[in-house]
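A quick write-up on the structure given underneath.
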Amino acid sequence: MKGKLTRREMLRLSTVIGAGTLVTACAGAATPAPAPTTAPEPTKAPEATQAEATTAPEATTAPEATTAPEAATGAEVPRNRTLVLNHGGTGGKYTWVGQINPVGGMNHQEGGALLWDPLFYYSVFADKDIPWLAESGTYNDDYTELTIKLRAGAEWSDGVPFTSKDVVWTLEAYKANEKIDYHQQVLDFVDSVSAPDDQTVVIKFTGAQPRFKFEILSFKFDTGICPLPAHFFEDKKIEATKINEEPGGEDMPHTGMFNVKMTPEQLVYDLRPDWWGFKTGFQKEPDIKRVIFIPLSDMATAAQRVVNNEADACLDLRPTLIRTAVQQNPKITTHTGKDEPLGYIDWWPNSLWMNTASEPYSDKDVRWAINYTIDRDTIDKVVFLGAKITSVFPYPEYPALKKYLDQARPLADKLGVSKFSLEESAKLMEKAGFSKDGEGFWVKDGARVNATIDGFESIHADIVPVLVEMLRNGGFEAAINFGNDAYQNMADGKPGLYMFGHGASVIDPYATMELYHSRYSAPLGTTAGGNHFSRYKNPEFDQIVDDMRAVPPGDPKLNDLFMKAIEIYWTDMIDVPVIQWLHRIPYNQTYWTNWPTQDNPYLNGAYWHWTFPLLVMGLKAAQ
């Protein structure tokens with residue numbers, strides 16, 4: 001078979017996705033646990049988007065401002081000063097109750113970002129660096145040294161001043177402790193860190209590191225590190241979980257503008273009037289005085305809560321449900337208002353990853369054969385209702401990256417990356433020594449290719465069934481695993497395919513290519529988290545990536561290096577790129593206005609990212 005799917009096959013795929021949607025909406029998948037992070041790649045725990053239900057409920061009349069839920073605090077805060085979010089949890093419960101250490105159990109996607117301040121923020125849509133605990137960060141001429149000036153008056157929640165000693169201690173701890181995320185980058189890139197005075201930090205690098213401030217020290221999306229309280233840890237293990245408000249436990253000092261009270265059923269964050277940023281005049285108090293997180297059960301219920309003004313936002317919805325929600329309540333808007341695509345492109349383009357160090361996925365002919373079974377045009381039509389979401393890139397189509405991607409498109413066409421051809425797929429499988437068995441599946445030495453797709457029902461229930469059908473049509477024994485072991489299978493390199501995103505490059509192409517550097521190619525039998533599932537090794541590729549690292553963003557030298565790297569990525573088909581990722585988040589304006597939109601792009605609207613505090617500062621009370 002060659003070319004596009006037939007109308008009959010398209011109808012069958014539509015039935016597959018429809019059935020998957022109905023089952024998911026009825027079952028209510030749990031949110032996957034956060035994925036371990038290795039910086040600068042993100043803890044890209046899948047954003048817990050549920051496949052859409054059939055119809056969102058009719059909106060009720062907007063209630064008057066009342067007392068919001070108070071489960072954990074005993075204090076009353078009016079509804080019109082409370083932000084309510086239906087998000088996260090596992091099996092309808094929050095599982096990290098009592099854990100606020102950002103390197104030891106805290107989940108920033110469930111509001112934990114409100115507890116911790118970074119040195120810098122970055123807003124992708126505003127394309128703006130926002131100094132926070134730091135006032136500035138300045139490189140020397142050759143990017144081998146970074147000098148950070150800290151903001152005067154910053155302090156920990158226990159009243160101890162925040163100083164350069166905290167930053168020095170944090171980086172030295174990351175450098176020394178191999179058990180924590182970002183260890184490898186800090187170890188490889190940082191030669192020394194010193195504190196000439198309480199407000200100054202000097203970081204000397206092992207070579208040119210023009211991205212360290214952005215990739216490591218800045219909060220954006222799901223990445224970045226924050227300083228930790230040196231006076232608290234002393235001889236304690238940095239990765240140990242610290243208990244907040246637990247009998248016999250310890251309150252871990254934090255720098256963020258909220259405190260938290262936790263139960264498995266609810267997370268309640270209350271504003272700290274004594275936050276250093278208010279006391280120094282750095283920021284004004286936001287209208288929001290409390291943030292409540294309610295665990296997600298299923299997206300039909302989440303959409304109902306937003307439509308009925310019971311919640312102000314929820315996780316991003318699938319195409320049909322977001323359209324219905326917007327239609328049912330005139331107070332609901334999205335990033336693009338009432339217009340398609342009712343959302344924005346996230347930084348998490350999804351591929352079918354595989355363990356390239358393990359047979360048969362170690363054969364690039366097999367990887368290319370898998371790629372040829374994917375009909376991206378049909379995915380756009382069937383899954384995304386005509387929106388052009390499929391992609392041949394492991395990059396988000398962001399403005400800063402566009403010039404690189406446009407430069408590479410002719411090469412992608414030449415190589416046939418987007419080509420759908422079961423005939424070409426079959427030729428490659430035969431070349432690799434496979435033949436079809438009596439059931440039409442590829443087999444070699446008595447073993448079929450395990451093409452089970454590990455993924456997450458909460459976000460992949462619309463597309464993975466379609467991918468499975470395409471793979472099976474191509475002779476690959478594909479199935480779906482949305483089990484609790486899905487992420488661990490990816491990290492452990494188990495046989496199969498992994499539907500997962502990249503979450504790396506934003507402003508230039510380096511970070512995504514670094515995901516495939518052999519320094520992250522964990523040996524078979526060990527765990528490889530942090531989006532390093534491919535375990536790819538190629539000395540030529542490594543050298544190109546190393547050369548890219550030393551070139552600052554925007555330098556024309558990156559163009560040629562990027563083209564060399566992307567050619568190897570495609571030629572070796574390190575993973576199979578499938579789709580861009582869309583965030584279709586419903587914003588209810590009954591209580592809160594000034595949500596970030598395409599007309600007011602001060603931030604991306606995913607409150608589960610590290611930039612959540614900037615959203616809290618930006619929202620305005622409607623009543």
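Small disclaimer: the values here were computed from a predicted structure and weren't measured. Position 1 is the first residue of the sequence, and the numbers go up from there.
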Self-check item: R211 with D508: basic N within carboxylate O range, under 4.0 Å
Solution: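 The answer is yes: the pair qualifies as a salt bridge.
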Quiz item: Are the charged groups of D546 and R519 less than 4.0 angstrom apart, N to O?
Solution: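 A salt bridge is present here (some side-chain N lies under 4.0 Å from a carboxylate O).
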Taking the inter-plane angle between the rings of [X] and [Y] on a 0 to 90° scale, is it parallel (under 30°), tilted (30 to 60°) or perpendicular (over 60°)?
{"X": "F541", "Y": "Y536", "value": "perpendicular"}
{"X": "H583", "Y": "W608", "value": "perpendicular"}
{"X": "W368", "Y": "Y372", "value": "tilted"}

If we ignore angles and hydrogens, is there a donor and acceptor under 3.5 Å between the side chains of [X] and [Y]?
{"X": "T336", "Y": "D339", "result": "no"}
{"X": "H609", "Y": "N604", "result": "yes"}
{"X": "T452", "Y": "N450", "result": "yes"}
{"X": "H502", "Y": "N531", "result": "no"}
{"X": "S518", "Y": "D542", "result": "yes"}
{"X": "Y122", "Y": "D127", "result": "yes"}

Main-chain N/O of [Y] paired to [X] side chain as donor or acceptor, under 3.5 Å:
{"X": "T512", "Y": "Y395", "value": "no"}
{"X": "H108", "Y": "T223", "value": "no"}
{"X": "K403", "Y": "N559", "value": "no"}
{"X": "R472", "Y": "A478", "value": "yes"}
{"X": "N588", "Y": "V306", "value": "yes"}
{"X": "D485", "Y": "Q488", "value": "no"}
{"X": "W595", "Y": "P586", "value": "no"}
{"X": "D454", "Y": "Y498", "value": "no"}
{"X": "W570", "Y": "V392", "value": "yes"}
{"X": "R376", "Y": "V578", "value": "no"}

Exercise. For side chain to side chain contact (heavy atoms under 4.5 Å, CB included), just list the numbers for N355 and L524, CA-CA rounded to whole Å, side-chain angles, deciding distance to a tenth of an Å, and then say yes or no.
Key: CA-CA 9 Å; N355 181 354; L524 292 176; 3.4 Å; yes
Quiz item: Can you list every pair that meets salt bridge (Lys or Arg N to Asp or Glu O under 4.0 Å) and has a residue in residues 566-585, with sequence neighbours left out?
Solution: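 Those involving residues 566-585 are K364-D572.
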Exercise. Give me the one residue out of W353, W581, F533 that meets ring pair (Phe, Tyr, Trp, His ring centres under 6.0 Å) with F500.
Key: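 Only one option passes, and that is F533.
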Minimum heavy-atom separation for [X] to [Y], with atom names?
{"X": "P396", "Y": "L405", "value": "O-CD1, 4.0 Å"}
{"X": "P577", "Y": "S351", "value": "CA-OG, 3.1 Å"}
{"X": "L85", "Y": "F612", "value": "CD1-CZ, 3.7 Å"}
{"X": "M490", "Y": "M499", "value": "CE-O, 3.7 Å"}
{"X": "L471", "Y": "I453", "value": "CD1-CD1, 3.8 Å"}
{"X": "I294", "Y": "N86", "value": "O-ND2, 3.0 Å"}

Practice problem: Decide yes or no on side chain to side chain contact (heavy atoms under 4.5 Å, CB included) for Y607 and H87, but give the supporting numbers first. | Solution: CA-CA 10 Å; Y607 54 81; H87 182 101; 3.2 Å; yes
Would you check if [X] and [Y] make a side-chain contact, meaning some heavy-atom pair closer than 4.5 Å?
{"X": "D222", "Y": "W348", "result": "no"}
{"X": "F434", "Y": "V366", "result": "yes"}
{"X": "P553", "Y": "F214", "result": "no"}
{"X": "P295", "Y": "Y94", "result": "yes"}
{"X": "P118", "Y": "W610", "result": "no"}
{"X": "L411", "Y": "L415", "result": "yes"}
{"X": "S425", "Y": "F476", "result": "yes"}
{"X": "P394", "Y": "Y516", "result": "yes"}

Mind checking the [atom1]-[atom2] spacing from [X] to [Y]? Nearest 0.5 Å is all I need.
{"X": "I579", "Y": "I389", "atom1": "CD1", "atom2": "CD1", "answer": "8.0 Å"}
{"X": "L342", "Y": "L321", "atom1": "CG", "atom2": "CG", "answer": "11.0 Å"}
{"X": "E514", "Y": "Y520", "atom1": "CD", "atom2": "OH", "answer": "3.5 Å"}
{"X": "Q109", "Y": "W96", "atom1": "CD", "atom2": "CH2", "answer": "11.0 Å"}
{"X": "I370", "Y": "L497", "atom1": "CD1", "atom2": "CG", "answer": "5.0 Å"}
{"X": "K427", "Y": "S421", "atom1": "NZ", "atom2": "OG", "answer": "7.5 Å"}

Exercise. Determine, stepwise, if the pair L217 / F212 fulfils side chain to side chain contact (heavy atoms under 4.5 Å, CB included).
Key: CA-CA 7 Å; L217 303 180; F212 192 86; 3.9 Å; yes
Practice problem: Assess whether atom NZ of K338 is packed by more than 12 heavy atoms of other residues, nucleotides or ligands within 6.0 Å. | Solution: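 More than 12 heavy atoms, drawn from other residues, nucleotides or ligands, come within 6.0 Å of this atom.
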Practice problem: Count the heavy atoms of every other residue, nucleotide or ligand shown that sit under 6.0 Å from CD of E359, and state whether that count exceeds 12. | Solution: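 No, because the 6.0 Å sphere around CD of E359 holds 12 heavy atoms or fewer from other groups.
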Quiz item: Going through the distances and angles, do L558 and M548 end up as a side chain to side chain contact (heavy atoms under 4.5 Å, CB included)?
Solution: CA-CA 6 Å; L558 271 179; M548 290 176 73; 4.2 Å; yes
